[in-house]
Amino acid sequence: MTGSQVAKIPGDDRSIAGLHQDQIIDENVTSSTEKGNSNELDSPEKLPGKEKDKIPVEAVGFRSLFRYAARIDIIYMLIGTFGGLGNGVLLPLMVLVFGNLLTSFTSRSTDLCTLNYTALSTQYCPAGYQLTASNFLSSLSICNLNITLDFQSQIKQQTNYLVILGCVSIVMGYLQVAFWSMAAEKQTKTIRKRLFQSILRKDMVYFDLHKAGELNTKLTDDVNKIHDGIGDKLGAAAQFLSAFITGFCIGFAKGWKLTLVILSISPLLFTSAVLFSRLASSLTAMELKAYGKAGAIAEEVLSSIRTVLAYNGQRREQERYEKHLGDAKKNGIKRGAINGFTMGTVWFFIYCAYALGFWYGAKLIRDEGYSIGDVITVFFAIIIAIFNLGQASPHFQALTQARGAAYAVWKIIDDPSKIHSNSETGLKRAGLTGDIRFSNVHFTYPSRLGVKILDGISFDVKRGQTIALVGSSGSGKSTCVQLLQRFYDPDAGSVFIDDHQVDEYNLKWLREHIGVVSQEPILFQATIRENILFGRDTATDAEIHEAAKMANAHNFIMDLPDKYETRVGDRGATLSGGQKQRIAIARALIRDPKILLLDEATSALDNESEKIVQEALDRAAQGRTTLVIAHRLSTIRNAHKIIVMHKGQVIEEGDHESLMRLRGTYYSLVEQQNLLKAEEEAQLAFELNQSTVPAKTDEAPLGFSRKRASTIVSMTPSVKIALYGKQKSSETSDDAVDEENVEVKKPSATVAMLKMNKREWKYIFIGCVSCLCNGGIQPAFGVVLSKLTAVFQECDKGVQQSRVLVYILLFIGFGILMLVTMFLQGFLFACSGEALTKRLRSKAFSALLRQEIAYFDNQSNNTGALCTRLATEASAVQGATGVRIGLMIQNIAALGTGIILGFVFSWQLTLLILGFVPFMVIGGFLQSRLMTGFASKDKEALEDAGKVSVESIQNIRTVVQLTKENYFHHEYSEYLEVPYRSSIKRAHLFGVFFSLTNSVMFFSLAALFSLGAFLIEQGSVSFENLLLCFNCIVFGAQSVGQTASMSPDYTKAVDAAEKILILLNRKPTINNSSQDGDEIPNFHGELEFDCVHFIYPNRPEAIILRNFQLKIKPGQRIALVGTSGCGKSTSVQLIERFYDPNLGRLLVDSKDIRSLNLQWYRSQIGIVSQEPVLFDMSIKENIAYGDNSRDDIPMEEIIAAAQNANIHDFIQRLPEQYETNCGTKGAQLSGGEKQRIAIARALIRNPKILLFDEATSALDANNERIVQDALDRAQNNRTTITIAHRLSTIQNADLICVLHRGVIVESGTHQELLALQGRYYHFAIRKTIKFVTLIIIKTLHALNQAQKYLHVKVCKLHFIRLRINFLAN
């Protein structure tokens, strides 16, 4: 429940005076703002059988909407409904009392019309004194008339009724708001929990077909809609329905003829309202759909920000984003115009109803003896009834929207998954033995039905065996692993474990006995210790340390300042690829699994770490069934069985020796990779020797503790101060600046937003003039209504009739004026508001794209939080600009005019009524303050819950592998408790303030008529003046209440505006969108690191590069080699200028990189990263993304780039070829396919500098050789920096640099470094062994072909002797 909704309901009380204009305008504006705030992705499931952009018709039943209501919730709702019904009865009853008061006042005059004043004057008055109707009451004492009038007692009785109604209103209002809100909050919390739980338990097919952003939208926007529809709005709906029924009953009881006449206009009213409402709803759905698409683009771009910036994709992404914003803007303007016209039409019919009602009422007074009190009672009772039905409409619309949203949410919750991860059924055994068998398995991914992945594959694995799956990318290796974990079920055939089909087992139990290490390790935003514990949460610290040691991770973890309590960041962003992989291996080993699945488990490790980790994995595999997928055949040579796959079929099967004898596909792969047991033994010996050297081989991130002091002792004091002291002070000053900015900007946020909206000043100006007219109509109507009521004191029927005719013509004029002004308001403020929303979203998105990478490294700026802010804050700002000014002008016009007229007619009554105004203002103000305070806390807590949901849904495969669905559900549930507790407090407080504010009208009326009766009796004021004062002040007071009710929206708008301004005014340290700086005309590609020191901003404790010096000549091929975390990838990021050095310079063609035009400079660089990111667009568009300087790249160039990257043939085999969608983050493609598309993307821009960060790591041997040839050709006449763990890819480099702990410890050519016999020598010696061994093996094979007898044995012995001699040397 929002404060604006609470504050609006008191406005209903103004129906006593017959005008709810402010409230309707406000509800219109507010509802449009609320709709604008939503960022819904309308899923196809909501629109079956309907044309595009039609509003969904599927909805759950009313009872089903409350399926998660507990017994206490039902009791709360019943109490709330009772409060709402009681509250609704009070307003028509107040009209009844008001009518009685009017009758009491007017009857004093109308009763006198029948008296014979001449006879009374002669009989009772002094001589010459003439009695008249106007002076009769004041002449009672003069003429000694003995007439007793019971006027005061009548008034007192009626005002006592008003006081009682006010007291009842306090109780009923509290019950209505507080109890409905509490029930809604509890149910909403349950729904969020159940929905998130059901999402986590879906099978993988569901996640293939639904994007993470779409599911996150369901958890936020859709659940918020359900919350709106089952909360206090239903209490308000009960109030309005009750008022509707009571009003009708009173109307028919007091005057059925007049009631029927007034109702004759209602069909027109309802027809127009329903027609326009449906049209507006349709446009709202279209608007939300467009915003949803824009939100999906924002999520994709921000989660892949490095790739976007590297390829200068900001302009393209901005255009993609703005395209959907433009569609939303058009629909929003249409909706605003229709809402305005709807309101105008409704008001026109209402004023026509005033005219018709009072014309016929006057006739009934003249002809049938009705009193003016009866007419007013009937008229306003019916108007209140109709109005309250209209007022209930938006609340029922919220109910309808909730039912529609619930349909989608319930569908997710109820739709059964084919594979139940949470099922308690299924086979659970004492333990797994580990026998695996694939029997004639056929499989096609449901999201790619045209491409068959497994085609009748069969193989078996005996317990304790290590089985390797070998084959080219896309051959079905990873699919086998996924079927074994039962992510999917086969289309045909069966997968057996221990002679039981996989689907017979209890799924959670089965996955707990399987350890998995994937090609791209996923770590969660927690500490290293917690990430390892995800493998088995009951593990002790000793077991954690042992698992880390087995994975060769313990040393580097202990070097971190916080050791095992170090937080790894979003997706492990603070660690290198090798470090992440080793933690993932430790996580798998800690659960002591019976079946171990290694999908390229060591692909991200350097030779040194790989060998040790591989040995650990070999030890871990003992006694376990192990399934290994590897492109590096050295890791699987000792496997008991090697299965060679091609296009989803097993083409060869056997151990290494038998497959080598077969001389088939596997033999070719081995020959290509040049790997044999001899080289492995040699490498092992060298690396074991290396491991005895005291210096640690792992990266040693250094803390502010003793460890750092011991390692930087050689640094000069000035360097220490520059790196640490300056950084600390700069961080402090940055924080201070931010705080100052916030403080300074708060007062000017509205002004800044208005300046941003100044292009639409004409719309705003004319809209404000329309508001001024609207505001002026209120007191004008009050004056006319007072005159019309007072005219019935006139004894001359002819005079009555002529004046009534004038007044009803004025009513019709007011109706026409309202029609025009309301339409102009709705349309013009929609134009200005939607333009501002689009502009702000666009500017905010653009501002995000220009921020430095360190901004995104900050934990509070993760993708989920940024997308949420982008979606909600821009829409909220509308409430601080044109609409806000218009409503203020309207309210000031009504208030100012009303107060002035009030003082003119009766200063006493005006002061009395103004005494009640502070209560309305304070009530509205307190509601807004409460709402703002609670909302900010709720937002933070819900953002934390959003982080958990986004992280777990994005990495659902890892969550499922680790069987951590319940863990993440528990975390999510814990975060929901904070906003739930605060919302319960808020419900009670809102209930109190709402009921007190709502009751003010009853007490103010009682006071007004009590004093008015006294003043009339004293002759100080006339009845007409009392009515004039009453109507003007009531309208003015309601305008103040209206302004207060707008303050929550205004507060939210200002708060959102301040946050947007902070973002827009934030000056990034590296402006990624800047076109400033120099361009080098004849750019050669020379690079020089000059004494570079570097520390990551979010990890100030770890020095990554120390006094790093490297000069790279134009066209030179440079290779960077070293252990994981030594600074190789960091140097590439500095070259891309994702970060700037803390000390030293990076020179590009002898110019400081900071002086260059960043957009131009990055266009000269092509990069292929270790973990390629593809976008949710076609393969063609992904490749073309490499050159964003051109809008239309010829297809021939795209095909040529694909051919050079060896991906063209694969693409041609796909059903849609180059138009095939890659899916979110390239999910529809294998790792090797993604990598090759990324290579094609880099090649298409024809860069001067090429950066390869493990560019071929995900490719099999055959593809690696072909792609490497292509990359070698691409390097001609280009400066190339290559990071590689496979030294075979860099032997031809002009300069190889060996990095260790951020310093180049060796550099030279391959031969020079070998001669040096240092670190590189130990990395590279195996290459020499490969070469010699390969020659011997080829000779052996030649001899095998020529000789079949004893000489073969001689040759083999000769080979063994040669190998031993070589190793000895």
Side-chain angles (χ1 to χ4, degrees), residues 5-24 26-27 80-102 158-177 232-233 235-254 259 262 350 353 373 376-395 785 916 920 923 994-1006 1008-1009 1030-1031 1034-1035 1037-1038 1041-1042 1045:
Q5 291 158 357
V6 171
K8 276 180 236 169
I9 299 172
D12 299 344
D13 296 342
R14 82 182 63 187
S15 297
I16 180 66
L19 193 63
H20 297 251
Q21 177 183 340
D22 280 353
Q23 182 182 357
I24 286 187
D26 181 44
E27 288 209 349
T81 304
F82 171 73
L85 292 173
N87 211 11
V89 170
L90 298 177
L91 196 57
L93 288 179
M94 187 177 72
V95 171
L96 185 61
V97 174
F98 179 67
N100 292 337
L101 282 167
L102 288 182
Q158 299 301 324
T159 52
N160 285 341
Y161 289 153
L162 285 174
V163 171
I164 292 168
L165 290 176
C167 294
V168 174
S169 172
I170 292 175
V171 176
M172 293 299 178
Y174 171 76
L175 295 178
Q176 172 190 327
V177 171
D232 63 293
K233 285 189 176 179
Q239 174 192 342
F240 295 139
L241 280 178
S242 173
F244 167 73
I245 294 167
T246 312
F248 261 89
C249 292
I250 291 174
F252 277 103
K254 296 290 283 184
T259 299
I262 296 169
I350 286 166
I376 291 287
T377 299
V378 170
F379 187 81
F380 284 120
I382 297 305
I383 288 294
I384 282 174
I386 294 171
F387 254 90
N388 276 279
L389 193 61
Q391 293 276 330
S393 175
H395 297 79
L785 185 62
F916 285 93
M920 298 182 186
F994 164 69
S995 59
L996 289 175
T997 309
N998 212 22
S999 63
V1000 169
M1001 175 61 77
F1002 296 92
F1003 299 122
S1004 62
L1005 276 177
L1008 174 74
F1009 281 105
F1030 163 71
N1031 284 329
V1034 162
F1035 290 130
Q1038 289 301 328
Q1042 193 61 42
S1045 78

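In what follows, residues are counted from 1 in the order of the sequence shown.
Using modelled atom types, no side-chain atom of S169 and backbone atom of L165 make a donor-acceptor pair closer than 3.5 Å. A side-chain donor-acceptor contact under 3.5 Å links S999 to the backbone of S995.
Nearest heavy-atom pair across A243 and P92 is O-CG, 3.5 Å. When all heavy atoms of I382 and G251 are compared, the pair lying nearest together is CD1-CA, 4.0 Å. For M94 against L1005, the heavy-atom pair with the smallest separation is SD-CD1, 3.5 Å. Taking every heavy atom of both residues into account, A1006 and V163 meet most closely at CB-CG2, 4.0 Å.
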Quiz prompt | Pair K254-L96, side chain to side chain contact (heavy atoms under 4.5 Å, CB included): steps then yes or no | solution = CA-CA 9 Å; K254 296 290 283 184; L96 185 61; 4.1 Å; yes
Practice problem: Step by step, work out the side chain to side chain contact (heavy atoms under 4.5 Å, CB included) result for N87 and F994. | Solution: CA-CA 12 Å; N87 211 11; F994 164 69; 3.9 Å; yes
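You'll find the side chain of F82 reaches within 4.5 Å of the side chain of M172, heavy atoms only. The shortest side-chain heavy-atom distance between L162 and L101 falls under the 4.5 Å cut-off. At a threshold of 4.5 Å between non-hydrogen side-chain atoms, the residues N998 and L90 do not count as touching. Looking only at side-chain heavy atoms (C-beta outward), V89 and L85 stay at 4.5 Å or farther from each other. Residues S1004 and L1008 fail the side-chain proximity criterion, which asks for heavy atoms closer than 4.5 Å. Between N388 and L241, every side-chain heavy-atom pair lies at or beyond the 4.5 Å cut-off.
The OG1 atom of T159 lies 10.0 Å from the CD1 atom of I164; values are rounded to the nearest 0.5 Å. With rounding to the nearest 0.5 angstrom, the CZ atom of F379 is 8.5 Å from the CG atom of L785. Of the inter-residue distances, the one linking F1009 atom CZ with L102 atom CG reads 6.0 Å to the nearest 0.5 angstrom. Here the straight-line distance linking atom CG of L996 with atom OH of Y174 works out to 11.5 Å at 0.5 Å rounding. One finds the CG atom of L93 at 6.5 Å from the OG1 atom of T246 (value rounded to the nearest 0.5 Å). Summarising the geometry, atom CG belonging to L91 is positioned 9.5 Å from atom CZ belonging to F240; distances are rounded to the nearest 0.5 Å.
The environment of CZ in F1003 is crowded: more than 12 heavy-atom neighbours from other residues, nucleotides or ligands sit within 6.0 Å.
Aromatic ring centres of F244 and F248: separated by under 6.0 Å.
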